[in-house]
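In what follows, every heavy atom counts, from backbone to side chain, and hydrogens, waters and symmetry copies are set aside. All values reported here derive from a predicted model rather than from experimental measurement. Here is the naming used below: chain letters follow the sequence lines, and residue numbers restart at 1 for every chain.
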2 protein chains.
Amino acid sequence: MVSGISLKELAAELNLAPSTVSRALNDSYEISAVTKKRVLSMAEKLNYHPNPFARSLRENKSKTIAVIIPERINTFFAQVIDGIETITQEHGYHLLVYCTHEDVEKEKKIVSLLLNGRADAIVMSVSSQTSDICHLQRLHDRGLPILFFDRICSEIPTTKFITNDYQITLEATRHLIQQGSKRPAFLMLSEDISITKERHRGFLAALKEARIEHNPIFSKVCCQNETTNVEILRELLNGPNKPDGILASVEKLALACYQAAKKENVRIPEDLKIISFSNMGIAGLLNPSLTTISQPACSIGEECAKILIKKLTKPNQPDLPNEVVILPSKITIRASTLAE
Amino acid sequence: MVSGISLKELAAELNLAPSTVSRALNDSYEISAVTKKRVLSMAEKLNYHPNPFARSLRENKSKTIAVIIPERINTFFAQVIDGIETITQEHGYHLLVYCTHEDVEKEKKIVSLLLNGRADAIVMSVSSQTSDICHLQRLHDRGLPILFFDRICSEIPTTKFITNDYQITLEATRHLIQQGSKRPAFLMLSEDISITKERHRGFLAALKEARIEHNPIFSKVCCQNETTNVEILRELLNGPNKPDGILASVEKLALACYQAAKKENVRIPEDLKIISFSNMGIAGLLNPSLTTISQPACSIGEECAKILIKKLTKPNQPDLPNEVVILPSKITIRASTLAE
DNA sequence: TATAAATTCGAAAACGTTTGCGTATTTTCT
DNA sequence: AGAAAATACGCAAACGTTTTCGAATTTATA
């Protein structure tokens, strides 16, 4: 009983042909106003709901968009999805959400699930492990509109949304230096992904600008595991040549840094100043409050969705243009980077 | 070109009937091993992927589960979905995720979208505004398996997953009192939803046990708006009869409380002790670190998924039993409730 | 060796839509 | 009034699967 009445049965009830009922429900010009009324009210009365799969099969589209993110417990990604949803929902689209947990193998599996047309398009941010991208290439080759944000894949010619990673990291590092940091360090999850490269470039540019010689071991690649990261950072903070400033390219590394500093009795910001990419609403409530670079996550989601909706709903749309759209981030200065 | 080759075309390529190919792909006993090999390898070669909508139409099931939550930017809900996904993904199910933003009207719209069988089942946590539940009743009447967690709807006879709200709040309040709070207050989002009632009951029981007379204005109903909540709490913390302890039934109210305390120069924990339901990983990094009641979110998600998968995959399963499954929460004591 | 049984496959219907085309009726025009 | 055009609707095919039923071939049994 889970599937209700069908269009055929509705038509039988009305003594009309299924084609007529279909057209009436779709408000076709070929159907008279009176018949439309009749059909509509009977449909209402019998609680008719069109079967989405029959429709998808016939029309070869699913009214569904897939979203793939590396982690769910992350304010940034949650905000992006919120942004996507606000737009797509207005147009009757549904969201399939998948999480890779930063695991490229899981990413491949998920992507292969989408080769069959279950979704009309894909919005994604690749995992930090993703360097080989042939699974993404296959998606694109198949003609499926795919759109990247934040962790983009530059090899695929499509639209990508990012923030001004280079510029904002440059400014953030300047701030760090200006507040007294002589030996800033850069924390990252992986050397491969797009944003890390750009952010690292901005970081190095600021050092060069300030004529600070960069110690390569201060460009630290961390991992997925929380406790391991804390260990790595304890070691870093305790080394013979300790950094006195941290730029964390992702939120979780800043938090690991807080943990490590606590255990090593390193005072923030006195001994160590920290600034981090993060969209946490409660950065201001941390101890000490965390200076952040926050991305316009919601806007990113909305812009992604808008461009996608346009592509999917207007007829004869060209492929998504191969361009990188940049939405600027914002630095919010808090206690963690304040000079003494 | 987005949709690849069809089963028919694949069959033609093999000089076989579509039915044979279908059976071969589904590993039917009626097909010889050699033919299976032939079919499989040709399918691989031609990159065949079965059309999910044709299959859904034929089999009357979508291999899709809908998840409805009140907010995405919330560690608890994110963890629950992670838990659900780990189980459902193993069985080839996809997740449609919807967010109501605590808006019952949006909840109704989303629910009505699911009346057409797009999803095989629903896992949800109702919005804080939800008191009239006839939209949920309609879903259940239609025979769609529906399953609640955390914010449950007791009127619908199905399985619900919650934590030991009463007991754990009782213990949490005891802790608050034991640490010296003479006038504890209880913060909630709505009086209507299930968890609030249970948690409030546990709170009051602890007061009674300690022979503390409860001032009704200390049972504070807050709202969705962050800044309004901060105002409400500033007023509360500044009133003639101020509370010296807070039990926040949801995370966001504890955070608003931190904000309010900051602005009113109320010291935590000296002047005000705070304990809150929260699954934030960084509760320990707040200033001061926050004592939390954390729910087994991931387990809740997994258990939801397991029971659902069983119902959906085994033949002739009975309806989901009308019972409430309780998974215990855990109190983690931190600085925000420490006695001086 | 004749027959029963097992094995392997094909033809066709069905799931619930949408849509191209045909047709009957009504309206409009000359 | 007759022809042309507009209106309103029905028939049937198609989308890509799965599955029932039947049939053909091969193997085993008596």
Residue-phosphate contact under 4.0 Å: B:Arg58 side-chain N/O, D:dG16 OP1/OP2: no

query: Between A:Asn26 (CG) and C:dG16 (C1'), how many Å, whole number?
result: 13 Å

field: Candidates C:dA11, C:dT17, D:dA8 - which lies nearest the side chain of A:Ser32
entry: D:dA8

message: Tell me the interatomic distance from B:Ile5, atom CD1, to D:dT17, atom C1', rounded to whole angstroms.
response: 15 Å

- line: Taken to the nearest whole Å, CG/B:Leu7 to P/D:dT19 is 12 Å

- prompt: Could you go step by step and tell me if A:Lys36 and A:Asp27 meet the salt bridge (charged side-chain N to carboxylate O under 4.0 Å, His left out) rule?
  reply: CA-CA 7 Å; A:Lys36 280 180 186 171; A:Asp27 201 31; 3.1 Å; yes

statement: Of the candidates C:dC15, D:dG16, D:dC21, the side chain of A:Leu57 sits closest to D:dG16

- request: Whole angstrom is fine here: how far is it from CG in A:Asn51 over to P in D:dT17?
  value: 16 Å

message: Return whichever of A:Arg23 or A:Glu9 has its heavy-atom-nearest nucleotide of DNA chain C closer to the 5' end.
response: A:Glu9

task: Please state how far atom CG in A:Asn60 lies from atom C1' in C:dT19, giving the value in whole angstrom units.
output: 15 Å

message: It should be established whether A:Thr35 places a side-chain nitrogen or oxygen under 4.0 Å from OP1 or OP2 of nucleotide D:dC9.
response: yes

message: Under 4.0 Å from OP1 or OP2 of D:dC9: is there any side-chain N or O of A:Tyr29 that close?
response: no

C:dT19 phosphate, OP1 or OP2, under 4.0 Å from A:Ser19 side-chain N/O: no

statement: Winner on side-chain proximity to A:Glu59, out of D:dG16, C:dC15, C:dT19, is C:dT19

query: Does B:Glu102 come within less than 4.0 Å of B:Arg151, counting only side-chain N to carboxylate O?
result: yes

statement: To the nearest angstrom, the NZ-P distance between A:Lys36 and D:dC9 comes to 10 Å

message: Is A:Arg55 close enough to C:dT18 that one of its side-chain N or O atoms is under 4.0 Å from OP1 or OP2 there?
response: yes

field: Side chain of B:Pro50 (C-beta onward), nearest among C:dC21, D:dT17, C:dT18
entry: D:dT17

message: Using a strict threshold of under 4.0 Å (side-chain N to carboxylate O), is an ion pair present between B:Glu85 and A:Arg72?
response: yes

message: Expressed as a whole number of angstroms, how long is the span from B:Leu25:CG to D:dT19:C1'?
response: 15 Å

query: Quick one: which of C:dT17, C:dT18, C:dG10 gets closest to the side chain of A:Ser6?
result: C:dT17

message: Is it true that, when you exclude B:Lys61 itself, more than 12 heavy atoms of the residues, nucleotides or ligands shown sit nearer than 6.0 Å to its NZ?
response: no

task: Starting from P on C:dT7, measure out to CD1 on B:Ile31 and report it in whole angstrom.
output: 13 Å

- request: Kindly point out which of D:dC9, D:dC15, D:dT19 is positioned nearest to the side chain of A:Glu30?
  value: D:dC9

- prompt: Crowded around B:Glu44 CD? As in, over 12 foreign heavy atoms under 6.0 Å?
  reply: no

message: If the cut-off is 4.0 Å, is B:Ser22 near the phosphate of D:dT18, judged by side-chain N/O to OP1 or OP2?
response: yes

query: In terms of side-chain geometry, is the basic nitrogen of A:Asp319 or A:Lys311 positioned less than 4.0 Å from the acidic oxygen of its partner?
result: yes

